[in-house]
Amino acid sequence: MNDLVEIKVYNYSGYKADEYPVYFEWDNAGFDVKEVLDRWYQGELNPGIPAADYFKVLTTDNKMYILRHEIKPDKWYLCIRGETINL
């Protein structure tokens, strides 16, 4: 299971609010999103796990991250699996 670290995310808002992330802050550093590589939705599994959008992003330093946006509480998290993936 992935660990979740709460982060601050700045989004592009087009036809809907929080359409996709463009920048995020984690561990006193900022990351510009170069490209959204994939995205998917997870419905509410039970009352303890809210519905969420996931974004697999490539940053301008060519690292991939998975970001989770819990829709109802409007919180963003970075999914940690021990390390980031370098391209």
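The figures here come from the full heavy-atom set of this structure, side chains too, leaving out hydrogens, waters and symmetry mates. Throughout, residue positions are numbered sequentially from 1 according to the sequence presented.
A ring-centre distance under 6.0 Å is not found for Y65 and F55.
Here CD1 of I7 is found 13.5 Å from NZ of K75. Values are rounded to the nearest 0.5 Å. With rounding to the nearest 0.5 Å, the separation of CG in N62 from CD in E35 is 10.0 Å. Atoms CG and CG, from D32 and D61 in turn, are 9.0 Å apart once rounded to the nearest 0.5 Å. Here the CD1-CD distance, from I71 to E44, works out to 10.5 Å after rounding to the nearest 0.5 Å.
Here the closest non-hydrogen pair linking F24 and V9 is CB-CG2, 3.8 Å. When all heavy atoms of L78 and L67 are compared, the closest pair comes out as CD1-CD2, 3.6 Å. The two atoms that bring V57 and P21 nearest to each other are CG1-CG, 4.1 Å, heavy atoms only.
Contacts of Y15 classified as side-chain contact (heavy atoms from CB on, under 4.5 Å), with partners at least two apart in sequence or in another chain: E19. Taking N28 as the reference, nothing meets the side-chain contact (heavy atoms from CB on, under 4.5 Å) condition, with sequence neighbours excluded. A search for side-chain contact (heavy atoms from CB on, under 4.5 Å) contacts involving Q42 returns L45, I49, Y54, R68, not counting sequence neighbours.
No side-chain heavy atom of W76 sits under 4.5 Å from any side-chain heavy atom of V5. W40 has its side chain within reach of K56: a pair of non-hydrogen atoms, C-beta onward, lies under 4.5 Å apart.
Ring geometry for Y23 against Y10 counts as tilted: the plane angle lies between 30° and 60°, on a 0 to 90° scale.
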Query raised in the report: Can F31 and E25 be said to form a side chain to side chain contact (heavy atoms under 4.5 Å, CB included), step by step?
Result: CA-CA 6 Å; F31 301 86; E25 296 173 352; over 6 Å; no
Report task. May I have the step-by-step check of side chain to side chain contact (heavy atoms under 4.5 Å, CB included) for K34 and T59, ending in yes or no? Result -> CA-CA 5 Å; K34 181 177 176 179; T59 57; 5.9 Å; no
Report task. Decide yes or no on side chain to side chain donor-acceptor pair (under 3.5 Å) for H69 and N11, but give the supporting numbers first. Result -> CA-CA 11 Å; H69 179 222; N11 304 289; over 6 Å; no
